[in-house]
Amino acid sequence: MSKTDVKDSEEAQEEPFIVVENVHKTYLLGVEGVAALRGVNVEIRQGEFVMICGTSGGGKSTLLNIIGTIDKPTKGRITLCGKQITPRTTDDELATIRLKHLGFVFQTFNLLASMTALENVELPLTFRGYGPKRRKEKAKKLLEKVQMGDRLTHYPSMLSGGEQQRVTIARALANNPGLLLLDEPTGDLDTLNTNNVMKILVDLNRKNGITLVMVTHDMNLISYATRTIFVRDGKVAYERTTKKEERQKKIAELEEAIRLGHDGNKQTDNLGVEGQGEEMDEDDERKQLLMKKALAGSHSVKKRKKKQTQQPTTIVTEDGQQQIVHSQSLIPICSSVRTPFDYDPVAFCSGLTEESMDCGYEIIVEKKKDKKTIFKQFPLNDNPYSNLRQGSIQNANQKILEREINDDDDGEEESDQNDQSSEVSQNKYDPKAEENPNPASSAMADPVEHQEPSELISDDAKQGE
Ligand SMILES: Nc1ncnc2c1ncn2[C@@H]1O[C@H](COP(=O)(O)OP(=O)(O)OP(=O)(O)O)[C@@H](O)[C@H]1O
């Protein structure tokens with residue numbers, strides 16, 4: 001079941017490609033059983049784009065995981081690429097099927113934090129025995145396919161949610177899968193990013209003939225699918241086939257929305273983030289997107305808005321030169337960088353400025369007591385913050401955010417943070433302690449959960465003082 005020559009999913013093959021027959025799944029919780037699926041029958045043909053919708057807890061993800069052989073049915077049968085999967089199919093056999101034929105995309109991007117976008121996409125190719133040169137070339141092409149060709153050396157923490165999801169899609173395509181399984185791939189994305197991701201998915205389905213099965217809660221998306229399966233209480237409640245004209249219209253609207261978005265005609269959103277007016281280049285657009293995301297995702301909207309109105313800041317570079325930086329251009333980006341200081345409005349922020357993006361540097365900015373701002377720049381590939389475990393960073397951010405919310409008095413806040421900044425400089429960064437190739441598991445079991453953000457700062461940051 002490798003990628004086929006099907007040109008349009010509306011011409012999906014008649015032969016069922018995935019057959020789910022009377023599948024039951026019961027999870028054992030202690031002595032009790034939780035019936036997640038209770039006799040599901042589904043057939044999916046090659047070249048279809050099927051969405052799975054339904055009530056929360058209805059069994060959507062369980063069904064997707066069983067189709068993807070991540071989970072085994074308690075009872076019933078799956079046929080996938082002509083091979084029957086039963087409760088007796090061995091893990092090795094399942095792993096081989098997954099490696100050869102399936103691609104997965106989840107709501108949480110599951111990219112490895114210590115690897116660049118390119119390296120993340122190269123990873124499955126390594127498992128398939130590609131040599132370094134071929135691997136890089138292919139990974140680059142895949143990233144270009146998802147419009148991420150200009151972010152090859154970015155670490156996940158430097159990418160917006162939509163960009164991370166596009167890297168995940170590129171990675172999922174590395175094995176030339178015939179079937180892409182997606183669990184809420186747009187669940188964490190705003191409208192613009194959702195549009196971009198949906199356009200990529202629709203193209204993969206229509207132009208490359210990849211079969212897609214996608215779980216979503218978003219009923220706005222179902223017209224992109226050729227068919228939607230509604231799951232309730234562990235059973236298929238009903239199915240809906242999208243009319244060809246409806247789908248074409250929806251895709252045409254999507255393409256138009258993306259075109260308008262890229263032209264910069266939709267510049268004001270309901271969060272009050274104003275656009276630049278007429279023409280925006282790609283970087284402006286990216287910053288605005290990040291700003292919108294930062295405001296949407298933060299409890300401290302008021303403070304962020306206040307910061308947004310700040311005047312340009314004079315910063316002093318390490319060689320003593322003065323530079324003017326529009327703090328506006330730093331703030332949205334620092335929230336995407338996810339350093340331990342993301343939410344700290346005064347003491348530290350970190351980000352990519354317009355200039356730093358051009359020259360490939362990430363900049364750590366520190367505001368001092370006397371309001372002078374000093375910054376230190378790290379090459380994108382050699383930023384000690386990139387090696388911080390994602391779990392630690394998130395926890396650190398959370399702590400700062402909580403402190404910020406609890407701290408209503410700006411004056412007190414500033415002095416607190418100034419105290420903190422001097423405390424910070426006494427701590428050392430220990431890359432070994434922080435290195436962890438599996439950010440997903442680190443986020444779950446984080447041994448430094450109670451560590452203060454200041455403990456995560458490198459010695460390098462001190463040099464800016
Ligand atoms: N590993 C597990 N152990 C025990 N129960 C589970 C497990 N995974 C899922 N369940 C239960 O099975 C049922 C179906 O879960 P599932 O995640 O498939 O639902 P869903 O439709 O995807 O829900 P949601 O839309 O909220 O993500 C739920 O009652 C859930 O609590």
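All residue numbers in this chain count up from 1 along the given sequence.
One N or O on the side chain of Arg98 and one on the backbone of Thr69 form a donor-acceptor pair closer than 3.5 Å. Side chain of Thr79 to backbone of Gly82: no donor-acceptor contact under 3.5 angstrom is found. The closest donor-acceptor contact from the side chain of Gln164 to the backbone of Leu159 lies under 3.5 Å. In this structure, the side chain of Gln46 does not engage the main chain of Leu179 through any donor-acceptor pair within 3.5 Å. The main-chain N or O of Gly39 is never found under 3.5 Å from a side-chain atom of Asn22 such that the two would form a donor-acceptor pair. Remark: the backbone N or O of Gly33 is not paired with any side-chain donor or acceptor of Thr26 at under 3.5 angstrom. In this structure, the side chain of Lys250 engages the main chain of Asn220 through a donor-acceptor pair within 3.5 Å. The backbone N or O of Gly47 sits less than 3.5 Å from a side-chain atom of Asn205, completing a donor-acceptor pair. The closest donor-acceptor contact from the side chain of Glu163 to the backbone of Ser160 lies under 3.5 Å. Judged purely by atom type and a 3.5 angstrom limit, Glu48 has no side-chain atom pairing as donor or acceptor with the backbone of Arg227.
How far CD1 of Ile67 is from CG of Leu63: 4.0 Å, rounded to the nearest 0.5 Å. Atom OG1 of Thr216 is separated from atom CD1 of Ile52 by 11.0 Å, given to the nearest 0.5 angstrom. Within the model, atoms OG1 of Thr74 and CG of Leu37 stand 8.0 Å from one another, a figure rounded to the nearest 0.5 Å. Taken from CG in Leu180 to CZ in Phe49, the straight-line distance is 9.0 Å, to the nearest 0.5 Å. Distance check: Thr194 OG1 to Asp190 CG gives 6.5 Å after rounding to the nearest 0.5 Å. The distance from atom CD of Glu122 to atom CG of Leu142, rounded to the nearest 0.5 Å, is 10.5 Å.
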Working for salt bridge (Lys or Arg N to Asp or Glu O under 4.0 Å), residues Lys83 and Glu93: CA-CA 10 Å; Lys83 186 166 174 51; Glu93 287 173 304; 3.7 Å; yes

Derivation of the side chain to side chain contact (heavy atoms under 4.5 Å, CB included) call for Met198 and Leu221: CA-CA 8 Å; Met198 287 317 300; Leu221 304 182; 4.0 Å; yes

Stepwise side chain to side chain contact (heavy atoms under 4.5 Å, CB included) test for Gln165 and Thr168: CA-CA 5 Å; Gln165 195 58 296; Thr168 313; 3.3 Å; yes

Verdict with supporting geometry, Tyr224 and Met51, side chain to side chain contact (heavy atoms under 4.5 Å, CB included): CA-CA 9 Å; Tyr224 296 124; Met51 290 201 188; 4.2 Å; yes

Evaluation steps, side chain to side chain contact (heavy atoms under 4.5 Å, CB included), between Val213 and Ile18: CA-CA 10 Å; Val213 182; Ile18 302 164; 4.2 Å; yes

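With a 4.5 Å cut-off on side-chain heavy atoms, Val236 and Asn41 do not count as touching. In this structure, Lys145 and Asn208 have side chains that are in contact, with non-hydrogen atoms separated by less than 4.5 Å. Side-chain contact check for Val23 versus Arg77: every heavy-atom pair is 4.5 Å or farther apart. Side-chain atoms of Thr62 and Tyr27, non-hydrogen and from C-beta on, do get closer than 4.5 Å to each other. Using a 4.5 Å cut-off on side-chain heavy atoms (C-beta onward), Met214 and Leu201 make contact. Using a 4.5 Å heavy-atom threshold, the side chains of Phe104 and Ile70 count as touching. Here the side chains of Val105 and Leu181 are not in contact, with every heavy-atom distance at 4.5 Å or above. Within the 4.5 Å cutoff, no side-chain heavy atoms of Met148 are placed close to those of Leu118.
With respect to the salt-bridge test (charged N to carboxylate O, under 4.0 angstrom), the residues Arg259 and Glu256 qualify. Salt-bridge check for Lys141 with Glu137: failed, with every basic side-chain N at 4.0 Å or more from each acidic carboxylate O. Under the 4.0 Å criterion applied to side-chain N and carboxylate O atoms, Glu184 and Lys60 are not assigned as salt-bridge partners.
Taking the side chain to side chain contact (heavy atoms under 4.5 Å, CB included) definition, one finds that Gln147 meets it with Arg166, Ile200, sequence neighbours left out. With sequence neighbours left out, the side chain to side chain contact (heavy atoms under 4.5 Å, CB included) criterion links Glu246 to Ser223, Arg240, Thr242, Lys243.
When only modelled atom types and interatomic distance are considered, Asn176 and Lys138 share a side-chain donor-acceptor pair under 3.5 Å. Counting only N and O atoms by type, the side chains of Asn120 and Tyr155 include no donor and acceptor under 3.5 Å apart.
The 12-atom threshold is not exceeded at CZ of Arg232, counting heavy atoms of other residues, nucleotides or ligands nearer than 6.0 Å. Applying the 6.0 Å contact sphere to NZ of Lys72 captures more than 12 heavy atoms from other residues, nucleotides or ligands.
Considering every non-hydrogen atom in both Ile44 and Val42, the closest pair reads CG1-CG1, 3.8 Å. Considering every non-hydrogen atom in both Ile222 and Cys53, the closest pair reads CG2-SG, 3.6 Å. Nearest heavy-atom pair across Met115 and Leu123 is CE-CD1, 3.9 Å. The two residues Pro73 and Ile78 have their closest heavy-atom pair at CG-CG1, 4.4 Å. When all heavy atoms of Gly162 and Asn193 are compared, the closest pair comes out as CA-OD1, 3.2 Å. Between Gly58 and Val231, the shortest heavy-atom contact is O-CG1, 3.3 Å.
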